[in-house]
Amino acid sequence: MPELAEVETVARGLRPLEGRRIVSVWFGKTDFIAEPQRLAALLPGTCLASVNRRGKLLLLELQPQAPAVGASGETFWLLIHLGMTGQLVLRDPSQPLAPHTHVRFALDDGRELRYVDVRRFGRMRIATVEELAEIVAPLGADPLEVSEDEFRRRLSASRARVKSILLDQGVLRGLGNIYADESLWWAQIHPLRRGAELSAEELGRLWRSIRNVAREAIRLRGTSVSDYVDANGQPGGYQKRLRVYRRTGRPCRRCWAPIERIVVAGRGSHFCPQCQPARRVRSNRRSSGGRKKRLGS
DNA sequence: AAGATTACCTGAAGGC
DNA sequence: TGCCTTCAGGTAATCT
């Protein structure tokens with residue numbers, strides 16, 4: 001599943017192509033492309049000026065070389081969202097086409113950038129500067145750049161399940177099901193807990209967990225559980241580090257209790273029932289006096 | 001009206 | 001063996 005770390009890895013793999021020119025474009029199925037004609041008309045002859053990422057969205061900046069009739073000549077962006085099974089792979093044109101190859105960008109160095117997507121949950125479109133600003137505006141904070149204070153403020157503003165909040169791209173951009181589950185395990189927070197009921201300490205743990213998981217996942221070039229490969233067709237390495245994701249019934253790496261799976265926000269959610277209690281942990285039985293009083297508002 | 005649920009899409013895997 | 005059902009999940013649309 002392409003999330004922050006996978007898309008970042010793909011972006012880094014495409015960055016060496018900056019300065020390359022797109023010679024021609026070939027299309028297969030186009031039902032996941034916003035305006036295929038616009039792509040077909042605008043892309044050929046453009047120069048790839050930069051490769052960037054915003055959350056899970058890839059931004060390819062394209063510079064027209066000789067402004068065509070009717071074209072403004074200004075730079076524009078090719079936006080690519082890999083959805084769930086999308087792949088962008090650099091290949092030699094002589095290599096056989098993988099099934100579900102839907103777009104091929106022929107480059108001026110003789111190579112070919114291919115978009116492959118079994119389920120076609122991915123999206124592709126052209127955007128002007130103004131359109132790009134509109135598309136990117138609703139996205140939330142970058143998990144690696146957000147301050148701890150800002151993170152706490154954003155999460156405690158919602159009464160939704162913390163798992164849902166982490167998946168909400170308008171709160172944080174780039175987290176998906178895998179890294180949400182993994183981060184909650186490291187922070188020892190149950191996925192059904194509500195954002196507004198998390199303590200400052202719990203939110204601090206979650207903030208740090210997300211940063212560590214995201215950084216480590218990027219370092220290991222993403223998680224490959226089903227389809228994900230980078231721009232060179234290579235799988236990532238973070239699947240070896242997974243603590244809960246798709247480990248239902250297997251022992252928790254911290255306490256040996258069997259990992260459980262429930263559905264939250266329509267997504268399989270994996271957690272340790274012992275390390276990630278559904279209710280806030282009572283501090284200490286022996287300190288008597290029952291549960292701690294919450295500070296009055 | 002925020003929060004929860006469903007549709008989209010295809011292949012793998014499990015049940016009988 | 002083969003057919004049928006279920007599951008996987010990012011996002012937009014729809015429901016409550």
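Residue numbers start from 1 in every chain, and the chains themselves are labelled A, B, ... in the order their sequence lines are given, proteins ahead of strands. Side chains included, hydrogens not; waters and symmetry mates left out as well; all remaining heavy atoms used.
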Rounded to whole Å, CD of A:Q87 lies from P of C:dG10 at a distance of 16 Å
query: Hey, does A:F32 reach any base, or is it just sugar-phosphate, or nothing, if we go heavy atoms under 4.0 Å?
result: nothing
- Query: So, A:R153 and A:E150, do they make that salt bridge, N to O below 4.0 Å?
  - Reply: yes
- Message: Counting the atoms with a prime plus P, OP1 and OP2 as sugar-phosphate, which does A:S158 contact under 4.0 Å by heavy atoms, base, sugar-phosphate, or nothing?
- Response: sugar-phosphate
A side-chain contact here means heavy atoms from C-beta on lying under 4.5 Å apart; do A:V171 and A:L166 qualify? no
Item checked: C:dA8 phosphate, OP1 or OP2, under 4.0 Å from A:R261 side-chain N/O -> yes
Rounded to whole Å, the CZ-C1' distance (A:R125 to C:dT11) equals 15 Å
Rounded to whole Å, the NE2-P distance (A:H270 to C:dA8) equals 7 Å
With a 4.0 Å cut-off (strictly under) to non-hydrogen atoms of chain A, the first and last hit nts on DNA chain B, 5' to 3', are B:dG3 to B:dG11
Notebook entry, point to check: Which class fits the ring pair A:Y115 and A:H102: parallel under 30°, tilted 30 to 60°, perpendicular over 60°?
Noted result: tilted
Separation of C:dG10 atom C1' from A:L79 atom CG, nearest Å, is 16 Å
Quick one: do A:R91 and A:E112 make a salt bridge, cutoff under 4.0 Å?
no
Between A:A157 and A:R267, whichever has its closest DNA chain B nucleotide further toward 5' is A:A157
NE2 of A:H190 to SG of A:C275, rounded to nearest 0.5 Å, is 12.0 Å
Rounded to whole Å, the CG-C1' distance (A:L175 to C:dT11) equals 15 Å
Please tell me if A:Q169 has a side-chain N or O lying less than 4.0 Å from either OP1 or OP2 of C:dG10.
no
> Using a cut-off of 4.0 Å on non-hydrogen atoms, how would the nucleic acid contact of A:G268 be classed: base, sugar-phosphate, or nothing?
Replying inline: sugar-phosphate
Tested for side-chain contact (heavy atoms from CB on, under 4.5 Å) against A:H270, the lone hit among A:D181, A:L242, A:I262 is A:D181
From CG of A:L167 across to C1' of C:dT11 the rounded distance in Å is 11 Å
To the nearest 0.5 Å, atom CD of A:E216 lies from atom CH2 of A:W186 at 9.0 Å
- Would you tell me if any nitrogen or oxygen in the side chain of A:H81 comes within less than 4.0 Å of OP1 or OP2 on C:dT11? yes
When rounded to whole Å, the CZ to C1' distance for the pair A:R119 and C:dG10 reads 12 Å
A:L172 atom CG is separated from C:dT11 atom P, nearest whole Å, by 13 Å
message = Once you apply a heavy-atom cut-off of 4.0 Å, does A:R123 come out as touching a base, just sugar-phosphate, or nothing?
response = nothing
